[in-house]
Asker: 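I have a structure I would like to understand better, so I am pasting it below and will then ask my questions one at a time.
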Amino acid sequence: KAGVTQTPRYLIKTRGQQVTLSCSPISGHRSVSWYQQTPGQGLQFLFEYFSETQRNKGNFPGRFSGRQFSNSRSEMNVSTLELGDSALYLCASSLAVQETQYFGPGTRLLVL
Amino acid sequence: AQRVTQPEKLLSVFKGAPVELKCNYSYSGSPELFWYVQYSRQRLQLLLRHISRESIKGFTADLNKGETSFHLKKPFAQEEDSAMYYCALRAAGNKLTFGGGTRVLVKP
């Protein structure tokens, strides 16, 4: 089975712009979670989706949003980018809630 | 709220020596605890979870609810164990709360 894939792998944006990141889960997996990884804050939970419904949300401003499609693919959007949004954004998928999560390679976002 | 603490940012050991990575957590309920590992230029992957009580790549971890700890141990470190290790807690749903990570460097 192919692993979790994330596109794009690298992205450079400027302050004020908005960005959309995509995550394709492992085939058959219905749960997708997103995490932000930075040197200062480490790995922080953004949100979790199951069957197109957001089940849980981390402590991030409303500029961060996401959604899940009927084929379980997920996107996250960050509007009005700030320098501090520069990070590695990781997606993880699992068969269902409370199952083992498998991580993608991440999208590295640089905001200038 | 849950919290995971890994007190050591860097652990340097010689090949063949024992290695122990500390993990302490705070959570009022019954959490699930995990260790994830990230080798150089690879994605984050699950090493082990406390409910399976299995040994992976020679690593073991025991959940001590009294001390709220989930330390990771290996009796004889190998060079290929050099990596970043993260302890994580899952309280509800799929949300993982991660510790800050410990970089392990195994010297020849």
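Note on naming: letters A, B, ... go to the chains in the order of the sequence lines (proteins, then strands), and numbering restarts at 1 for each one.
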Asker: Tell me, do A:S79 and A:N77 make a side-chain contact under 4.5 Å, heavy atoms counted?
Answerer: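 Contact flag for A:S79/A:N77 side chains = yes.
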
Asker: Relative to chain B, which segment of A:T100 carries a heavy atom at a distance below 4.5 Å: side chain, backbone, both, or neither?
Answerer: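 Both backbone and side chain.
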
Asker: Would you call the rings of A:Y35 and A:F45 parallel, tilted or perpendicular, where under 30° means parallel and over 60° means perpendicular?
Answerer: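 Taking A:F45 first and then A:Y35, their aromatic rings stand perpendicular (interplane angle over 60°).
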
Asker: Please assess B:T68 against B:N24 for the test side chain to side chain donor-acceptor pair (under 3.5 Å), listing each intermediate value before the final yes or no.
Answerer: CA-CA 6 Å; B:T68 58; B:N24 290 91; 4.7 Å; no

Asker: Should the ring pair B:Y85 and B:F59 be called parallel, tilted or perpendicular, given that the plane angle runs from 0 to 90° and is split at 30 and 60?
Answerer: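 Correct class here is tilted.
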
Asker: Under 4.5 Å from any heavy atom of chain B, what part of A:F50 do you find: side chain, backbone, both or neither?
Answerer: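 Contact with chain B is absent: no heavy atom of A:F50 under 4.5 Å.
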
Asker: Where on A:A92 is there a heavy atom nearer than 4.5 Å to chain B: the side chain, the backbone, both, or neither?
Answerer: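 For A:A92, no heavy atom lies under 4.5 Å from chain B.
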
Asker: Quick test of your reading of the model: are A:D85 and A:K13 salt-bridged, counting only N-O distances below 4.0 Å?
Answerer: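 Judged by the 4.0 Å cut-off on N to carboxylate O distance, A:D85 and A:K13 do not form a salt bridge.
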
Asker: Donor-acceptor pair, distance only, cut-off 3.5 Å: does the side chain of B:R3 make one with the backbone of B:Y25?
Answerer: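 Here the side-chain-to-backbone pair does not exist.
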
Asker: Sort A:Q101 into side chain, backbone, both or neither according to what part of it lies under 4.5 angstrom from a heavy atom of chain B.
Answerer: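 Both parts, backbone and side chain.
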
Asker: Do you know which of A:E99, A:Q98, A:Q44, A:Q41 has the most heavy-atom pairs with chain B at a distance under 4.5 angstrom?
Answerer: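 Option with the greatest count: A:Q98.
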
Asker: Using every non-hydrogen atom in the two residues, find where A:L81 and A:L109 come nearest and quote the distance to one decimal.
Answerer: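 Closest approach of A:L81 to A:L109, heavy atoms only: CD2-CD2, 3.9 Å.
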
Asker: Under 4.5 Å heavy-atom distance to chain A, tell me which part of B:F34 shows up: side chain, backbone, both or neither.
Answerer: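 Looking at B:F34, nothing touches chain A.
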
Asker: How long is the gap from CD on A:Q6 to OG1 on A:T107, to the nearest 0.5 Å?
Answerer: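 Rounded to the nearest 0.5 Å, the CD-OG1 separation comes to 4.5 Å.
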
Asker: For B:E80, is there an ion pair with B:K57 - N to carboxylate O distance below 4.0 angstrom?
Answerer: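 Between B:E80 and B:K57 there is no salt bridge, as every charged N stays at least 4.0 Å from the carboxylate O atoms.
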
Asker: Please output the residues of residues 36-46 of chain B in contact with chain A, using a heavy-atom cutoff of under 4.5 Å, in numerical order.
Answerer: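 Residues of residues 36-46 of chain B touching chain A at under 4.5 Å: B:Y36, B:Q38, B:R43, B:L44, B:L46.
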
